[in-house]
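A short write-up of the structure that comes next.
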Amino acid sequence: MTQHLIDWNSAYSIGLDEIDDQHKVLFDIINGMWASVINREKGAPLLDALDELERYTVTHFTAEEAFMRSHGYSNFEAHKKQHDQFISRVRSERQSIEAGGPVSLDMINFLKDWLINHILVQDKAYAAEFKNKKLGVLGGFFSRLLRI
Ligand code: FEO
């Protein structure tokens, strides 16, 4: 069995179960791509994996953006820009491989590093703001209740 490129651990959790589950799927897809390259599978399996990565990334980013919008996330535009840039990169890698370009471990490492950095910095930032807002609302509620 091929070793994983990335394994999920609690350091990657942003504290929102649904989003964490989606990130785990992205890890699985990237591990699948890594296995394709390590096992020297040519063409189709890697292209299928890149298609899957693009499809699932769009699904995940759409869900995450809806969540951020619904909670009025203060850094929404910058976060969305990062999402759009990542999808463009995945699409251009797929097109390049479709056109017969080389498959490189560097490309898969880039996708992995980008995803980890994005989760640890950008995704954790919106999750923290969401939690602080929730605590603020609860604090206001208890203040009113206790008239303090
Ligand atoms: Fe989970 Fe902003 O991507």
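For this chain, numbers begin at 1 and follow the sequence in order. Whatever order the structure lists ligands and atoms in, that order sets their numbers, starting from 1.
- Among pairs with a residue in residues 82-109, those fulfilling ring pair (Phe, Tyr, Trp, His ring centres under 6.0 Å) read F61-H83, H79-H83, H83-H118, F86-W114, at least two apart in sequence or across chains.
- Listed by first then second residue, pairs satisfying salt bridge (charged side-chain N to carboxylate O under 4.0 Å, His left out) with a partner in residues 94-109 read D51-R94, E54-R94, R94-E98, not counting sequence neighbours.
- Note that CD1 of I116 is 12.5 Å distant from CG of D123, once rounded to the nearest 0.5 Å.
- Atoms of the protein (N, O or S only) found under 2.8 Å from atom 2 (Fe) of ligand 1 are E64 OE1, H79 NE2, H83 NE2, H118 NE2, D123 OD1.
- The salt bridge (Lys or Arg N to Asp or Glu O under 4.0 Å) check on R89 picks up E93, with sequence neighbours excluded.
- Closest non-hydrogen pair, M33 versus L46, comes out as O-CD1, 3.7 Å.
- The aromatic ring centroids of H23 and F27 lie 6.0 Å or more from each other.
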